[in-house]
There are 2 protein chains.
Amino acid sequence: MTTIKEIAQMAGVSSATVSKVLNGKDKSISSATRERILRIVEEQGYIPNGIAKSLRIKSTKTFGLIIPNVTNPFFSELAKGIEDASEAEGYSLILCNTYGKDNREKQYLRILEEKKVDGAIIAASTKEDIEVIERVSFPIVLLDRDIEVGSNIGKVIVDNEYGGYVATKHLAQIGCKRIGHITSSLKDNPSNNRYKGMLRALEELDLEIDHNLYHFGKFSIDTGYEGALEIASKQNIDGIFCGNDIIAIGAINGLKEMGYKIPNDIKIVGYDDIYISKYIDPPLTTIRQPIYSIGSNAVDLLLNMITKNGKDIKRKLIPQLVIRESAK
Amino acid sequence: MTTIKEIAQMAGVSSATVSKVLNGKDKSISSATRERILRIVEEQGYIPNGIAKSLRIKSTKTFGLIIPNVTNPFFSELAKGIEDASEAEGYSLILCNTYGKDNREKQYLRILEEKKVDGAIIAASTKEDIEVIERVSFPIVLLDRDIEVGSNIGKVIVDNEYGGYVATKHLAQIGCKRIGHITSSLKDNPSNNRYKGMLRALEELDLEIDHNLYHFGKFSIDTGYEGALEIASKQNIDGIFCGNDIIAIGAINGLKEMGYKIPNDIKIVGYDDIYISKYIDPPLTTIRQPIYSIGSNAVDLLLNMITKNGKDIKRKLIPQLVIRESAK
DNA sequence: CTGAAAGCGCTAACAG
DNA sequence: CTGTTAGCGCTTTCAG
């Protein structure tokens, strides 16, 4: 492996000089030597050892990304947004899938500490492992987790309460009277807030709040399917607000199997506006999360926290109703 | 930041001793000192600096994963499989999205060299940038790219020719006479082989090969949609073999819009068997790729190449027909 | 304009 | 059973 020392020898200079040239700190290097060095670097195909550099400068130009599961379209789109934004700033991304298991989150945090990442972005864990997160030695940005935490932790949140409110109000406006709800556990922060938003809308509109119309499971197709069967078989409903699009897809499947027509018999609103939602049958009315923007805001906050040690530590984004066939 | 030296001081030993204990090379350390060290490590919440360690041992316990786009369900499932397998072996994963741009692949390779990853897994780029790949200093496993390369490059391939053959034969067996095909560019290795498999089946069955029935674009929903419109509007077809499930979803959308009934009028076979394929309407008949197995095989090969310097450098997997409503 | 020297935090002989 | 020493490849004063 070629080292900076070898390059220096070939150029007849010291490694300090090569280092300066390579890092653009070469205001005081004669252009003759600069050119000579650059030529040799080129010829030799020299690639600096980033590990040695990191050890010295105490920065790895790497972030960690902790999410439940890349396989979930919402998180894969998020990962993409974050990777893009990071890459644009010269940072790489270490991918960590927790599958919602608390101890995996802890393990990954430990690994990221050893790897000396410059920061991490964490999206969702059911359990509030805040003590662990607060002890970590690098800046962290939390996604969609609107809770009180130490001041060294950034937050990007999308107004889930508002999203739930808008979704429900839309269903009511197009004529629904008995609105069901299928979502993940209420221990899950985003679910909880969307649920609250729904309740607020219901109260405001003077619609009945019937807990038999609500089904709680996971953010999965299966939960959507099972929830739909359960609610629709026992109750008389004309609309369902689903906690995310994946659940909505499962619910639509279940309802179709039972012979219901969407949207004629039952109208469906999802949440997230993932990529496929406009391609399913019928195209899904949903609450669009500004996924890409969540990602870039998260990276931006992280950068702020790293460099400027800023106290601009929280961003709030607004979701948006997208009306398609499933509820119009 | 606590260092190994500080821990050593507190324990009244040398850092060498602490290092041995921490790395399980402590056969010759008295259990008294071992315990004392471990206790102090615990008390101090000491976390070793992995960068310093990596510099010394010349291994980062990190792999790179280069894919076109995590947002594509096939790749997100692949990423998950690879992350799982890597994590199980104590390796982290750096995620790299190329969006199919050749220069991004090159850039990422460069970054991974600087970051001194222990290996990388590369899934697909249209252009064969093999020269670049062959110059890289760490072991690489190529996915789904059955081309001749240097002996320091591993390969995991799924028999795409066979997959295309099986898909086409199935369509013929259930009565299709005029079979269309929508896929990405034939410069794309997997597409090309699936296409060849289709042609082989067609010849074998003595079915007409009409190039007006074939549409080439990208592995995207839009290509599926446009391809379906184009082929079905001008030609009389009764079946379409789609290069992947995403394309199939787009095609089904287009065909429905044109008033065709699936599978009654036109039968559809996809490729990949991504997560949602069984939930779309109608559920998709497709060629299932052993995605998870691709991931674990890739990691396994990489490990082989790293440790055993083995010449077991190629794995071939077989895809499998999954019959659902869209073509049965 | 350039170089010598120190040191980032760790591990691996080797010596005792 | 434990410590000394050297050094991984780089950057950064500081001196010249």
Side-chain angles (χ1 to χ4, degrees), chain A residues 1-38 40-41 44-62 110-118 137-138, chain B residues 1-38 40-41 44-62 110-118 137-138:
Chain A
M1 205 194 58
T2 324
T3 69
I4 198 173
K5 217 169 178 177
E6 291 167 6
I7 298 292
Q9 261 169 358
M10 295 179 191
V13 295
S14 77
S15 58
T17 305
V18 177
S19 173
K20 283 169 196 157
V21 169
L22 253 26
N23 292 294
K25 311 204 160 141
D26 52 359
K27 312 192 187 303
S28 67
I29 308 284
S30 80
S31 55
T33 36
R34 187 203 342 273
E35 244 106 80
R36 185 153 32 94
I37 289 171
L38 256 19
I40 295 178
V41 164
Q44 300 295 315
Y46 167 69
I47 295 180
N49 184 326
I51 296 298
K53 176 169 185 168
S54 289
L55 179 60
R56 185 60 236 241
I57 69 174
K58 297 188 175 317
S59 159
T60 53
K61 287 286 185 179
T62 304
R110 161 78 193 221
I111 291 172
L112 295 178
E113 290 223 70
E114 290 190 2
K115 298 234 147 117
K116 293 277 173 242
V117 296
D118 294 344
S137 57
F138 47 79
Chain B
M1 205 196 58
T2 324
T3 69
I4 198 174
K5 216 169 177 176
E6 291 168 7
I7 298 293
Q9 262 169 356
M10 295 179 190
V13 295
S14 77
S15 56
T17 304
V18 177
S19 172
K20 283 170 197 156
V21 169
L22 252 27
N23 291 294
K25 309 202 161 142
D26 52 359
K27 311 191 187 302
S28 67
I29 307 286
S30 81
S31 55
T33 36
R34 189 205 339 275
E35 243 107 83
R36 186 154 30 94
I37 290 171
L38 256 19
I40 294 178
V41 163
Q44 300 295 315
Y46 166 69
I47 294 180
N49 182 326
I51 296 298
K53 176 169 185 169
S54 289
L55 179 60
R56 185 61 235 242
I57 68 174
K58 298 189 174 314
S59 159
T60 52
K61 286 289 184 177
T62 304
R110 159 81 192 221
I111 291 172
L112 294 179
E113 290 223 70
E114 290 190 3
K115 297 233 147 116
K116 293 278 172 241
V117 296
D118 294 345
S137 57
F138 47 78

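Chain letters run A, B, ... following the sequence lines, proteins first and then strands; every chain starts at 1.
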Q) What's the CD1-P distance between A/I4 and C/dA4, to the nearest Å? A) 14 Å

**Q.** Interatomic distance, A/I7 CD1 vs C/dG3 P [rounded to whole Å]
**A.** 15 Å

Q) Can a donor-acceptor pair be found between the side chains of A/K115 and A/T62 at a distance below 3.5 Å? A) no

**Q.** Closest listed nucleotide, where the reference is the side chain of B/P48 and the choices are C/dC10, C/dT2, D/dT11
**A.** C/dC10

Q. Reckon B/S28 touches a base, only the sugar-phosphate, or nothing at all at heavy-atom distances under 4.0 Å?
A. base

Q) What is the distance, rounded to the nearest whole Å, between atom CG of A/N23 and atom C1' of C/dT2? A) 16 Å

**Q.** Residue pair A/I29 / A/K20: nearest heavy atoms and the distance that separates them
**A.** CD1-CD, 4.2 Å

Q | Among C/dC1, D/dC10, C/dG3, the one nearest A/S14 by side-chain distance | A | C/dG3

(Q) Both A/I47 and B/T17 contact DNA chain D. Taking the nearest nucleotide for each, which residue is further toward the 5' end? (A) B/T17

Q: Could you tell me which non-hydrogen atom of A/I51 sits nearest to which non-hydrogen atom of A/N49, and how far apart they are?
A: N-OD1, 2.8 Å

Q: Select base, sugar-phosphate, or nothing to describe what B/S54 touches, counting heavy atoms under 4.0 Å on all strands.
A: nothing

Q: Report yes if the side chains of B/M1 and A/K116 come closer than 4.5 Å at any heavy-atom pair, otherwise no.
A: yes

Q. Nearest-Å distance, CD (B/Q44) to P (C/dG9)?
A. 16 Å

**Q.** Reference residue B/M10; test side-chain contact (heavy atoms from CB on, under 4.5 Å); the match among B/V41, B/I37, B/I40
**A.** B/I40

Q. Can you check the B/K20 NZ to D/dC1 P distance for me, whole Å?
A. 12 Å

Q | A/Y46 side chain near D/dG9 phosphate (N/O to OP1/OP2, under 4.0 Å) | A | no

Q. In whole Å, what is the span from the CZ atom of A/R34 to the P atom of C/dC1?
A. 9 Å

Detail all sub-3.5 Å separations between protein N/O atoms and N/O atoms belonging to nucleotides 5-8 of chain C.
{"residue": "C/dG7", "atom": "N2", "partner": "A/R56", "partner atom": "NH1", "Å": "3.3"}
{"residue": "C/dC8", "atom": "O3'", "partner": "A/K58", "partner atom": "NZ", "Å": "2.9"}

Q | Taking every non-hydrogen atom, the tightest pair across A/E113 and A/F138 | A | CG-CE2, 3.6 Å

Q.
Does B/K116 contact D/dG9 through a side-chain donor or acceptor facing the base, at a distance under 3.5 Å?
A. no

Q: For B/K25 and C/dA13, give me the distance from atom NZ to atom P, rounded to whole Å.
A: 9 Å

Q: Write down the distance between NZ (A/K61) and C1' (D/dT11), rounded to a whole number of angstrom.
A: 16 Å

Q | Heavy-atom side-chain contact between A/K53 and A/N23 under 4.5 Å | A | yes

